[in-house]
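Working notes for the structure below.
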Amino acid sequence: MRLGLALGYWGRGPDPRHLELARQAERFGYHSVWTAESWGSDVFTPLTWIAAHTTRVKLGTAIAQMAARTPTATAMHALTLDHLSGGRMMLGLGLSGPQVVEGWYGRPFPKSPLTATREYVEVIRQVLRREAPVRLDGRFHPHPYTGPDAGGLGKPLKPIVHPLRPDLPVLLGAEGPKNIAQTVRIADGWLPLYWSPGRTELYEAALADAPEGFMVAPMAQARVCTDVAEGLLPVKAMLGFYIGGMGHAARNFHADLMGRMGYEAEARRVQELFLAGRRAEAVQAVPDAFADEISLVGPRERIAERLELWRKGPVTDLLVTAPDPETLRTLADLNS
């Protein structure tokens, strides 16, 4: 199992620790560094900055939101950064949810998410292969565009730049069983959310047909500390925000996932409190047990014991969100 560093997205501004953490991760032998985006900082610019200050570590997006860019624009980002970094780019994609897609990007959330995802990936694959001009008779991403408002002058094109790698890895963030099963068929890897090493049976059927080399790369917050309850507070704060606020009361993929993992009543309670403006109570309502099973928190000995569970399952890459170099070093030592 390889280690990656997941830096996430910015808060109010750039985190001054991120570049040094990325450099530390490279020095400690981490395989990859990953950035993210929501409705603030974009995913590619910080990754390019990190690429310019590192030499070996792989560079991933976890995730680039599909609604933010057309598939050809995303492919342009990926092939450009792959060239500039010497072939270190990995493209992680995700649909996000209706709240963000329609509220921030001003676009309709696709009524057929699996079809939209499949078309998006297919266009990117065509760009990267550069075998012919991009053509797709698609419902969501037709190339050339032939909709009712088209001028009729669209011309199939292929990229001017020759991609460095036609097989640049494409990973997908997927949560539902059908979405995961499709990810196995069309992508090079899966970026799971809220992975519990004690519940791998939830994904056995979906991963049964995964090809050799398929990446399973979940994220987990990690922190070496003496007080486990205190160390879990940032995990609970993250869960409270995502389960309570990242979605509508009637449609929240994060709350649905927590429910499938055995905490349905707790997820709905967190959501109710958060949407009522009682955010501190929502965070406290997140069960310690759930926060604990999806993270690596506590003294070195406890983390070592729990890390063994992660290694026994199908995880190929553990992407850790760690606040300090000491935690990064400890995980590197324990995983060596």
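Sequential numbering from 1 along the given sequence is applied to the chain's residues. This structure is a prediction, so every number in the text was calculated from the model and none was measured. For the numbers below, each heavy atom of this structure counts, side chains included, while hydrogens, waters and symmetry mates do not.
Residues E122 and R129 are paired through a salt bridge, judged by an N-O separation under 4.0 Å between the basic side chain and the carboxylate. A salt bridge between R269 and E266 is absent, with no side-chain N of the basic residue lying under 4.0 Å from a carboxylate O of the acidic one. The residues D256 and R268 are annotated as salt-bridged, a charged nitrogen and a carboxylate oxygen being separated by less than 4.0 angstrom. A salt bridge links R165 to D82: one of the charged nitrogens lies within less than 4.0 Å of a carboxylate oxygen. K236 and D292 are not joined by a salt bridge, as no carboxylate oxygen comes within less than 4.0 angstrom of a charged side-chain nitrogen. Checked for salt-bridge contact, E131 and K158 miss the test: no charged N lies under 4.0 Å from a carboxylate O. Taking a cutoff of 4.0 Å between a charged side-chain nitrogen and a carboxylate oxygen, E305 and R300 do not qualify as a salt bridge. Under a 4.0 Å N-O distance rule, the pair R17/D15 qualifies as a salt bridge.
Side-chain atoms of R2 do not come within 3.5 Å of backbone N or O of H31 as any donor-acceptor pair. Distance alone, capped at 3.5 Å, is enough to place a donor-acceptor pair between the H53 side chain and the W49 backbone. Here the side chain of S96 pairs no donor or acceptor atom with the backbone of V101 at under 3.5 angstrom. At distances below 3.5 Å, not a single donor-acceptor pair connects side-chain atoms of R223 with backbone N or O atoms of T327. Checking side-chain atoms of R260 against main-chain N and O of E175 turns up a donor-acceptor pair under 3.5 Å. Between the side chain of S112 and the main chain of T115, no donor-acceptor pair closer than 3.5 Å is present. At least one donor-acceptor pair under 3.5 Å links the side chain of T316 to the backbone N or O of V216. A donor-acceptor pair is defined here as one N or O able to donate and one able to accept, closer than 3.5 Å; such a pair exists between the side chain of E119 and the backbone of F140. Looking only at distances, a side-chain donor or acceptor of Q182 sits under 3.5 Å from a matching main-chain atom of L114. Checked by atom type and distance alone, the side chain of R130 never pairs as donor or acceptor with a backbone atom of P163 at under 3.5 Å.
Taking a 6.0 Å sphere around CH2 of W310, one finds it holds more than 12 heavy atoms contributed by other residues, nucleotides or ligands. Counting non-hydrogen atoms of other residues, nucleotides and ligands closer than 6.0 Å to CZ of R329 gives a total of 12 or fewer. In M76, the CE atom is not crowded: 12 or fewer heavy atoms of neighbouring residues, nucleotides or ligands sit closer than 6.0 Å.
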Subject >> Pair L3-L328, side chain to side chain contact (heavy atoms under 4.5 Å, CB included): steps then yes or no >> reply: CA-CA 9 Å; L3 293 177; L328 291 179; over 6 Å; no
**OP:** Could you walk me through whether R302 and V228 pass side chain to side chain contact (heavy atoms under 4.5 Å, CB included), step by step?
**Re:** CA-CA 10 Å; R302 185 175 193 267; V228 174; 3.8 Å; yes
Original post:
Is there a ring pair (Phe, Tyr, Trp, His ring centres under 6.0 Å) between W39 and Y9 once you walk through the steps?
Top reply: CA-CA 9 Å; W39 51 90; Y9 48 79; 7.4 Å; no
Original post:
Going through the checks in order, is the side chain to side chain contact (heavy atoms under 4.5 Å, CB included) test met by L93 and I63?
Top reply: CA-CA 5 Å; L93 302 168; I63 58 173; 5.8 Å; no
**OP:** Take F274 and E281, measure what side chain to side chain contact (heavy atoms under 4.5 Å, CB included) needs, and give me the verdict at the end.
**Re:** CA-CA 8 Å; F274 192 96; E281 293 178 64; over 6 Å; no
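When hydrophobic clusters are built by joining Ile, Leu, Val, Met, Phe, Trp and Tyr residues whose side-chain heavy atoms come closer than 4.5 Å, directly or via intermediates, L331 is grouped together with V33. If you chain together hydrophobic residues whose side chains sit under 4.5 Å apart, W34 and L168 never meet in one group. There is a path of hydrophobic side-chain contacts, each under 4.5 Å, that joins V100 to L172. Residues L47 and L7 share a single hydrophobic cluster, defined by chaining ILVMFWY side chains whose heavy atoms lie under 4.5 Å apart. Residues L318 and L171 fall into different hydrophobic clusters, defined by Ile, Leu, Val, Met, Phe, Trp and Tyr side chains chained together at heavy-atom separations under 4.5 Å.
For the residue pair H141 and L136, the shortest heavy atom distance occurs at O-CD2, 3.4 Å. Between Y30 and L5, the closest heavy-atom pair is CD2-N, 3.9 Å. Of all non-hydrogen atoms in C225 and G231, the two that sit nearest each other are SG-CA, 3.8 Å. Residues G240 and V286 come closest through the heavy atom pair N-CG2, 3.9 Å. When all heavy atoms of L275 and G244 are compared, the closest pair comes out as CD2-O, 3.4 Å. Shown here for A220 and S295, the closest heavy-atom pair between the two residues is CB-CA, 4.3 Å.
With values rounded to the nearest 0.5 angstrom, R185 atom CZ is found 8.5 Å from T183 atom OG1. Atom CD of E20 and atom CG of D324 lie 12.5 Å apart (nearest 0.5 Å). The CG atom of L309 sits 6.0 Å away from atom NZ of K312, with the distance rounded to the nearest 0.5 Å. With values rounded to the nearest 0.5 angstrom, F44 atom CZ is found 9.5 Å from T80 atom OG1. Separation of atoms CZ (R135) and CG (D137) is listed at 11.0 Å; rounding is to 0.5 Å. Here the straight-line distance linking atom CD1 of I243 with atom CG of L273 works out to 12.0 Å at 0.5 Å rounding.
In this model, a donor atom of one side chain and an acceptor atom of the other lie less than 3.5 Å apart for E293 and S196. Between the side chains of D333 and S336, no donor-acceptor pair is found at a separation under 3.5 Å. With no hydrogens or angles considered, no side-chain donor-acceptor pair links S32 and R88 at under 3.5 Å. Side-chain contact check for R311 and N335: at least one donor-acceptor pair (N or O, by modelled atom type) lies under 3.5 Å. At a cut-off of 3.5 Å, with distance as the only test, a side-chain donor of D42 or T45 sits close to an acceptor on the other residue. Between the side chains of Q65 and Y105, at least one donor N or O lies within less than 3.5 Å of an accepting N or O.
You'll find the side chain of M90 reaches within 4.5 Å of the side chain of M215, heavy atoms only. V283 is not listed as a side-chain neighbour of L233, based on a closest heavy-atom distance of 4.5 Å or more. With contacts defined as side-chain heavy-atom distances shorter than 4.5 Å, the pair P46/W10 qualifies. By the 4.5 Å heavy-atom criterion applied to side chains, L95 and T117 are counted as neighbours. Side-chain contact between P314 and Y203 is absent, with no heavy-atom pair separated by less than 4.5 Å. Residues P218 and L319 fail the side-chain proximity criterion, which asks for heavy atoms closer than 4.5 Å. Residues P234 and Q221 meet the side-chain proximity criterion, which asks for heavy atoms closer than 4.5 Å. Considering only heavy atoms from C-beta on, L307 comes within 4.5 Å of M1 through its side chain.
Shown are V170, V134, D167; of these, the side chain to side chain contact (heavy atoms under 4.5 Å, CB included) with R125 is made only by V170.
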